[in-house]
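What follows is one structure encoded as structure tokens, with my remarks underneath.
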Protein chains: 2
Amino acid sequence: MSPPRSPQVRPPHSAADVELARLARALAHPARVRIVRLLARRGECVCGQIVLDLPLAQATVSQHLKVLKAAGIIHGQVDGPRVCYCLDPKALKRVKELIGGL
Amino acid sequence: MSPPRSPQVRPPHSAADVELARLARALAHPARVRIVRLLARRGECVCGQIVLDLPLAQATVSQHLKVLKAAGIIHGQVDGPRVCYCLDPKALKRVKELIGGL
DNA sequence: CAATGTTATCGTGTATCTACGATGAACGAT
DNA sequence: ATCGTTCATCGTAGATACACGATAACATTG
């Protein structure tokens, strides 16, 4: 038997498209781009220092950090009462690969 | 007179941060990434063909095309009743520069 | 244990995004 | 002029994003 004839096959989005969209989404806010640049320059940074650099409330910065962390772009390491954030080089490399492939 | 002593100077986001965020935002949806890939592969494409390839309604696709166009990533050229879309290589290059600079 | 300092989360208000059907605008063909 | 085709826009519903103050969670210090 031949497979059923679909009049129009429109497959869902590919994994690569979803992945790139997810990463782009994480960078889709000036504050988050700024945090990434900050971490690139300083290597690592405690949350409080990031808050002092951005023109945003602490709660808002924490939210942006959460978005970047969920996307795997940064990692947070607890250090006593503080949390030290740093970039994930692999994730950043992946972003560059995917964007470069466009 | 010395300038007034601000307790904390937290400048607004830089132009580069805003620009990258704006471009990343345009790519922050699987359908839009997919359209970019489609145009990269085919060189150019009329709207109707894009609609046929995506699992979305025509109105939704048109909206995504508008987002990409507003970000300068694609251009649309009217050709009779059709509109032919193509990538803007300069915008794409700019995205790669900005991402590469992270 | 109490007080302090640091960060995350909650709750909330506003705005933007995403999807769609319906409608409108523009063009070519009859 | 009237179709049919193609695409954009409108209107709208539901979801998500963004910003903030308030509060909770947790570790350190006294």
Side-chain angles (χ1 to χ4, degrees), chain A residues 7-8 10-13 17-18 20-36 38-39 42 44-71 73-86, chain B residues 7-8 10-13 17-18 20-36 38-39 42 44-71 73-86:
Chain A
Q8 251 325 128
R10 289 175 301 177
H13 306 306
D17 290 349
V18 173
L20 177 46
R22 229 176 49 88
L23 289 168
R25 183 80 198 71
L27 296 175
H29 193 289
R32 293 196 288 269
V33 173
R34 188 164 168 177
I35 290 170
V36 170
L38 198 66
L39 291 177
R42 301 233 258 256
E44 60 179 36
C45 213
V46 294
C47 173
Q49 191 57 53
I50 299 172
V51 170
L52 287 180
D53 281 8
L54 298 196
L56 294 170
Q58 179 265 327
T60 306
V61 172
S62 197
Q63 210 167 233
H64 284 304
L65 289 168
K66 188 179 181 179
V67 170
L68 288 170
K69 201 163 66 172
I73 293 177
I74 66 174
H75 288 114
Q77 166 163 358
V78 177
D79 168 30
R82 271 169 277 261
V83 178
C84 190
Y85 285 97
C86 62
Chain B
Q8 254 322 128
R10 288 175 302 177
H13 305 308
D17 290 349
V18 172
L20 177 47
R22 229 176 49 89
L23 290 168
R25 184 78 196 72
L27 297 174
H29 193 289
R32 294 196 289 269
V33 173
R34 188 164 167 178
I35 290 171
V36 170
L38 199 64
L39 292 176
R42 301 234 256 257
E44 60 180 36
C45 212
V46 296
C47 174
Q49 192 56 54
I50 299 172
V51 170
L52 286 180
D53 282 7
L54 298 196
L56 294 170
Q58 179 265 326
T60 308
V61 173
S62 197
Q63 210 167 233
H64 283 305
L65 289 169
K66 188 178 181 180
V67 171
L68 288 170
K69 203 163 66 172
I73 292 176
I74 67 174
H75 288 113
Q77 165 164 358
V78 177
D79 169 30
R82 271 168 275 262
V83 178
C84 189
Y85 285 96
C86 64

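Proteins get letters first, then strands, A, B, ... in listed order; numbering begins at 1 in each. In what follows, every heavy atom counts, from backbone to side chain, and hydrogens, waters and symmetry copies are set aside.
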Nucleotides 7-11 of chain D: which of its N/O atoms have a protein N/O under 3.5 Å away?
| residue | atom | partner | partner atom | Å |
| --- | --- | --- | --- | --- |
| D:dC7 | OP1 | B:C47 | N | 3.4 |
| D:dC7 | OP1 | B:G48 | N | 3.4 |
| D:dC7 | OP1 | B:V83 | N | 3.4 |
| D:dC7 | OP2 | B:G48 | N | 2.7 |
| D:dA8 | OP1 | B:Y85 | OH | 2.1 |
| D:dA8 | OP2 | B:S62 | OG | 2.7 |
| D:dA8 | N7 | B:Q58 | NE2 | 2.8 |
| D:dA8 | N6 | B:Q58 | OE1 | 3.1 |

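- OP1 or OP2 of C:dT18 has at least one side-chain nitrogen or oxygen of B:R32 nearer than 4.0 Å.
- Across all their heavy atoms, B:I74 and B:Y85 have their closest contact at CD1-CD2, 3.6 Å.
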Output a table of donor-acceptor pairs, distance under 3.5 Å, between side-chain atoms of residues 26-34 of chain B and any protein atom two or more places apart or on a different chain; print 'none' if there are none.
| residue | atom | partner | partner atom | Å |
| --- | --- | --- | --- | --- |
| B:H29 | ND1 | B:A31 | N | 3.0 |
| B:R32 | NE | B:A26 | O | 2.7 |
| B:R32 | NH1 | B:H64 | ND1 | 3.0 |
| B:R32 | NH2 | B:R25 | O | 3.2 |
| B:R34 | NH1 | A:P11 | O | 2.9 |
| B:R34 | NH1 | A:P12 | O | 3.3 |
| B:R34 | NH1 | A:H13 | ND1 | 3.1 |
| B:R34 | NH2 | A:P11 | O | 2.9 |
| B:R34 | NH2 | B:D53 | O | 2.9 |

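- One atom, CZ of B:R22, and another, C1' of C:dT16, lie 16 Å apart when rounded to the nearest Å.
- Here C:dT16 presents its P atom at 14 Å from CZ of A:R25, a figure rounded to the nearest Å.
- Separating the CZ atom of A:R10 from the P atom of C:dA19 is a distance of 13 Å, rounded to the nearest angstrom.
- In this structure, the side chains of B:R42 and B:L38 come closer than 4.5 Å at one or more pairs of heavy atoms.
- Smallest separation of non-hydrogen atoms from B:L54 and A:R10: O-CD, 3.0 Å.
- Remark: B:E44 CD is loosely packed, at most 12 non-hydrogen atoms of other residues, nucleotides or ligands lying under 6.0 Å away.
- Atoms NE2 (A:H13) and C1' (C:dA19) sit 11 Å apart, rounded to a whole Å.
- Where A:P55 and A:D79 meet DNA chain D, the nucleotide closest to each residue was compared, and A:P55 sits on the side nearer the 5' end.
- Between B:H29 atom NE2 and C:dC17 atom P there is a gap of 12 Å when expressed in whole angstrom units.
- B:L27 places its CG atom 16 Å from the C1' atom of C:dC17, with the value rounded to the nearest Å.
- In this structure, CG on B:L56 lies 12.0 Å from OG on B:S62, to the nearest 0.5 angstrom.
- An OP1 or OP2 oxygen of D:dA17 is reached within less than 4.0 angstrom by no side-chain nitrogen or oxygen of A:H64.
- In this structure, A:L56 atom CG and C:dA8 atom C1' are separated by 16 Å, rounded to whole Å.
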